[in-house]
Enquirer: 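Provided herewith is a single structure, encoded as structure tokens, for subsequent inquiry.
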Amino acid sequence: PEMNLIPSPPSSSSSPTFTLFTQSKNPNYLLKFNLKVPILPFHSSSSHLIAPCCTIKDSTSLFDKNAPPSVESSPKDTNFDGTLVVRRPVKEFSGQNSDEVEEKDDKIDEDEPKASSMDAGLAEFAKKMPIFEPGRVESDSKEKLLTVNLELALYKAKVLTRKFHYEEAESILRKCLCHWPEDGRPYVALGKVLSKQSKMGQAREIYEKGCQATQGENAFIWQCWAVLENKMGNVRRARELFDAATVADKKHVAAWHGWAVLELKQGNITKARNLLSKGLQYCGPNEYIYQTLALLEAKANRCQQARYLFNQATKCNPNSCASWLAWAQMEAEQENYRTARKLFESAVQASPKNRFAWHVWGLFEANLGEIDKGRKLLKIGHALNPRDAVLLQSLALIEYKHSSANRARVLFKRASEIDPKHQPVWLAWGWMEWKEGNLNTARQLYQKVLSINLNTESAARCLQAWGVLEQRVGNLSNARRLFRSSLNVSSQSYVTWMTWASLEEDQGNPERADEIRDLYFQQRTEVVDDASWVTGFLDILDPAVDSLKRLLKMDPNSFQVSPDSMKNITGTKKNMVDYSSEDDDNTNEGDKSEFDLDRFIMKKLSLDVSKLEVQLETTKTSSPNKISSPRRIWRPDKSVSSKYR
């Protein structure tokens with residue numbers, strides 16, 4: 001290549017400097033070299049001779065192709081963009097120290113060019129990313145709240161929901177959705193709050209948003225959504241959602257159990273058993289699955305298998321009040337009253353504040369003729385659960401049957417104030433007024449039942465009872481219309497079909513009565529339950545237990561159990577009950593029981609039996625907003641209080 005040598009202007013240094021320009025492979029660019037040639041005297045030693053050296057910066061620092069090749073670039077012009085910068089070689093002499101060299105290096109660093117276009121692009125990209133800016137990252141982290149705040153908010157919303165402050169609970173949960181949109185618990189809680197307010201459409205939207213936010217991986221949201229659709233009558237949609245819940249988490253036992261209960265209500269017994277067996281297979285022993293299986297066995301009149309399954313349920317959870325209650329009801333239906341009473345005692349000991357335990361036990365004692373004990377148990381349940389309308393409803397019916405209608409009216413009115421949307425309260429009150437001859441009042445109360453909801457079992461019973469009322473007073477056309485409306489709501493009601501048929505027979509229409517009976521047998525859903533599955537299923541539950549094989553060889557209708565076998569069923573000593581029914585003569589033996597009810601409620605619940613009547617009278621005249629419950633876990637401040645709904 002062609003080279004041109006241009007001498008530099010003279011300087012104070014004794015060594016002249018020459019500038020070399022050479023052409024590269026690309027004819028549009030030139031390369032520049034600075035060369036120093038030292039001139040040494042003849043008497044200088046060879047150690048002071050330093051070979052001429054030259055340096056060149058990265059090949060990317062080039063001249064502009066439009067620049068004239070013969071013009072020298074001075075050091076002052078090296079700061080312009082697009083020019084070639086050549087660093088002068090550093091020459092160390094024996095007389096120079098390290099400080100002077102460092103000063104020269106600093107001056108050279110100041111002469112380095114600006115960043116290239118690629119560096120500038122990366123700098124612009126970094127400005128858009130908060131990871132490169134610690135200030136922005138710290139500000140974002142400050143805005144995100146800690147998870148403990150979510151726990152506290154969910155607890156506060158739960159307490160407000162118990163106190164029927166739905167609007168405030170809804171407001172808290174919506175704020176939780178804004179701060180923690182990826183957590184599934186606020187969606188579940190908010191959907192339940194909206195469902196309790198009968199806002200089914202909004203609850204459905206919340207569940208749908210929750211499934212999208214959690215990418216379909218939260219089984220709790222799917223399961224709650226399925227329960228909502230089932231309540232709304234969308235059985236097919238509910239099945240799909242239960243299936244989605246089991247896909248999201250096959251160990252979610254509530255999905256398997258809820259799906260099985262849905263199939264049971266639809267009459268699909270085989271499908272329900274398969275779902276329950278899958279629940280045990282994937283989730284392990286569970287009290288609710290065992291309890292449902294035991295109820296199926298009891299319904300099929302296989303009581304020994306039912307007792308074993310109830311025992312398994314209580315072993316899974318000795319504090320499961322529902323399992324003890326279901327077991328007690330089965331024994332009561334089999335007229336094993338002593339066994340049933342001991343199971344009721346175990347139920348209230350397992351869960352002393354459970355309203356169902358006191359309610360069912362009270363009705364059991366009242367049906368046996370122990371009216372005072374039945375009243376006492378219902379009053380205890382009401383003292384522990386003052387917002388439960390069902391306890392007051394049952395107490396009102398007992399008072400009407402064994403005391404006076406006026407006292408029953410007071411209790412019915414109180415129950416309707418506690419829960420205005422509880423249809424059975426209005427229905428029972430209307431039935432009492434009809435019995436008392438107050439037909440207009442009864443019609444008004446029946447109309448109140450239908451205004452709450454027209455698509456429930458209570459509405460179907462109300463229409464049937466109203467039809468009987470009109471039939472007795474001679475309004476036959478109205479009675480027929482009411483019977484037809486009742487069957488449109490619940491076509492499986494045997495009582496309604498037979499009542500309508502008897503009406504036609506009384507009017508001299510036997511052919512029409514036969515047609516109605518034929519229609520019932522044609523449209524009814526007959527559930528056939530096969531016992532062949534029991535051996536295989538129970539072997540899955542506990543294949544190593546030899547006693548099960550002996551149990552399956554027993555007569556399914558045998559209700560007498562030996563004391564030795566009952567010791568194995570009872571399990572722990574804490575829940576030990578003598579279930580032998582050999583000496584059970586179907587009489588009341590409450591005095592022989594070792595369970596001291598008065599001492600138990602005084603020790604565990606701090607309730608004085610002598611003051612139960614006073615507490616009931618006080619709650620009659622008090623406002624629903626001022627009901628005091630012993631279950632005081634958390635009390636909101638005055639700013640949280642709102643009107644009772």
Enquirer: May I ask you to check if K278 and W256 form a cation-pi contact, with NZ or CZ under 6.0 angstrom from the six-membered ring centre and within 45° of the axis?
Expert: no
Enquirer: Could you tell me if the side chain of R185 sits less than 4.5 Å from the side chain of W180, heavy atoms only?
Expert: no
Enquirer: Would E229 and R204 pass as an ion pair if we require N to O under 4.0 Å?
Expert: yes
Enquirer: Restricting to non-hydrogen atoms, name the atom on N453 and the atom on A459 that form the minimum distance, rounded to 0.1 Å.
Expert: O-CB, 3.4 Å
Enquirer: Is a side-chain donor or acceptor of S416 paired with a backbone partner of K413 at a separation under 3.5 angstrom?
Expert: yes
Enquirer: Answer with yes or no after comparing the ring centroid distance for F242 and W222 against a 6.0 Å cut-off, counting only values under it.
Expert: no
Enquirer: Backbone N or O of F310 within a donor-acceptor pair of the T314 side chain at under 3.5 Å?
Expert: yes
Enquirer: Nearest 0.5 Å, please: how far is OG in S394 from CG in L363?
Expert: 4.5 Å
Enquirer: Heavy atoms only: give me the nearest R387-R162 pair and the separation to one decimal.
Expert: NH1-O, 4.4 Å
Enquirer: For residues 214-221, run the donor-acceptor check on the side chains, cut-off 3.5 Å, and write out each pair with its distance to 0.1 Å, sequence neighbours left out.
Expert:
{"residue": "T214", "atom": "OG1", "partner": "G210", "partner atom": "O", "Å": "2.7"}
{"residue": "N218", "atom": "OD1", "partner": "F220", "partner atom": "N", "Å": "3.0"}
{"residue": "N218", "atom": "OD1", "partner": "I221", "partner atom": "N", "Å": "3.3"}

Enquirer: Could you tell me whether E168 and K156 have a side-chain N and a carboxylate O separated by less than 4.0 Å?
Expert: no
Enquirer: Evaluate the criterion side-chain hydrogen bond (donor to acceptor under 3.5 Å, both in side chains) for residue pair T246 and H252; output intermediate values, then yes/no.
Expert: CA-CA 7 Å; T246 57; H252 188 63; over 6 Å; no
Enquirer: Please report the C-alpha distance between F164 and K196 in whole Å, then the side-chain angles of each, then the deciding distance to 0.1 Å, and finally whether the side chain to side chain contact (heavy atoms under 4.5 Å, CB included) criterion is met.
Expert: CA-CA 9 Å; F164 303 95; K196 290 182 179 181; over 6 Å; no
Enquirer: So which atom in A350 and which in P318 form the shortest heavy-atom distance, rounded to 0.1 Å?
Expert: CB-O, 3.7 Å
Enquirer: Does S451 reach the main-chain N or O of K448 with its side chain, forming a donor-acceptor pair under 3.5 Å?
Expert: yes
Enquirer: Got a salt bridge between E470 and R443, using NZ or NE/NH1/NH2 to carboxylate O under 4.0 Å?
Expert: yes
Enquirer: Give a yes or no on whether a salt bridge exists between K251 and D249, defined as a side-chain N under 4.0 angstrom from a carboxylate O.
Expert: no
Enquirer: Is the Y187 to Y207 ring centre distance short of 6.0 Å?
Expert: no
Enquirer: Does the plane of the ring in W500 sit parallel, tilted or perpendicular to the ring in W497? Use 30° and 60° as the thresholds.
Expert: parallel
Enquirer: Mind checking the CG-CH2 spacing from N354 to W358? Nearest 0.5 Å is all I need.
Expert: 10.0 Å
Enquirer: Return yes when atom OH of Y288 has more than 12 non-hydrogen atoms of other residues, nucleotides or ligands closer than 6.0 Å, and no otherwise.
Expert: no
Enquirer: Can you give me the closest heavy-atom contact between L173 and A189, atom names plus distance?
Expert: CD1-C, 3.6 Å
Enquirer: With a 4.0 Å cut-off, would you call E504 and R517 a salt bridge?
Expert: no
Enquirer: Take K421 and D419, measure what side chain to side chain contact (heavy atoms under 4.5 Å, CB included) needs, and give me the verdict at the end.
Expert: CA-CA 6 Å; K421 293 185 178 181; D419 192 355; 4.1 Å; yes
Enquirer: Which atoms form the tightest heavy-atom contact between L280 and N286, and what is the distance?
Expert: CD2-N, 4.0 Å
Enquirer: Can you tell me how far the OH atom of Y308 sits from the CZ atom of R302, to the nearest 0.5 Å?
Expert: 15.5 Å
Enquirer: Mark yes when over 12 heavy atoms from residues, nucleotides or ligands other than E511 sit less than 6.0 Å from its CD; otherwise mark no.
Expert: no
Enquirer: Keeping the roles fixed (side chain from S491, backbone from L487), state whether a donor-acceptor pair exists under 3.5 Å.
Expert: no
Enquirer: Between N475 (side chain) and Q471 (backbone), is there a donor-acceptor pair under 3.5 Å?
Expert: no
Enquirer: Taking the side chain as every heavy atom from C-beta outward, state whether C321 and V348 have any pair of such atoms under 4.5 Å apart.
Expert: no
Enquirer: Kindly indicate whether the side chain of L190, heavy atoms from C-beta on, has any atom under 4.5 Å from the side chain of R174.
Expert: yes
Enquirer: Do R273 and E297 meet the salt-bridge criterion of a basic N to acidic O distance under 4.0 Å?
Expert: yes
Enquirer: Can you tell whether the side chains of R341 and E365 come within less than 4.0 Å, N to carboxylate O?
Expert: yes
Enquirer: Roughly how far apart are Q507 CD and L476 CG, rounded to 0.5 Å?
Expert: 4.5 Å
Enquirer: Kindly indicate, with the supporting measurements, whether the criterion side chain to side chain contact (heavy atoms under 4.5 Å, CB included) is fulfilled by V489 and L454.
Expert: CA-CA 8 Å; V489 178; L454 257 177; 5.6 Å; no
Enquirer: Ignoring hydrogens and geometry beyond distance, is a side-chain donor-acceptor pair present between Q423 and T456 at under 3.5 Å?
Expert: yes
Enquirer: Does the distance from a Lys or Arg side-chain N to an Asp or Glu carboxylate O, for R236 and E240, drop under 4.0 Å?
Expert: no
Enquirer: Is the shortest heavy-atom distance from the side chain of N230 to the side chain of V261 under 4.5 Å?
Expert: no
Enquirer: Once rounded to the nearest 0.5 Å, what's the spacing between atom CG of L469 and atom CG of L439?
Expert: 5.0 Å
Enquirer: Could you walk me through whether W361 and F356 pass the side chain to side chain contact (heavy atoms under 4.5 Å, CB included) check?
Expert: CA-CA 8 Å; W361 190 8; F356 299 104; over 6 Å; no
Enquirer: Supply the atom-to-atom distance L377 CG to L391 CG, rounded to the nearest 0.5 angstrom.
Expert: 10.5 Å
Enquirer: Using side-chain heavy atoms (C-beta onward) and a distance below 4.5 Å, is W434 in contact with R472?
Expert: yes
Enquirer: Could you check if a side-chain atom of W426 sits within less than 4.5 angstrom of a side-chain atom of I452, using non-hydrogen atoms only?
Expert: yes
Enquirer: Is there a donor-acceptor pair closer than 3.5 Å between any side-chain N or O of N385 and the backbone N or O of G381?
Expert: yes
Enquirer: Provide the closest heavy-atom pair for I172 versus A153 in the form atom of the first, atom of the second, distance.
Expert: CG2-O, 3.7 Å
Enquirer: Are any of the side-chain heavy atoms of S490 and T496 separated by less than 4.5 Å?
Expert: no
Enquirer: Considering only heavy atoms from C-beta outward, does the side chain of Y446 approach that of L482 to under 4.5 Å?
Expert: no
Enquirer: Provide the full list of salt bridge (charged side-chain N to carboxylate O under 4.0 Å, His left out) pairs with a residue in residues 283-295, sequence neighbours left out, each pair given once.
Expert: none
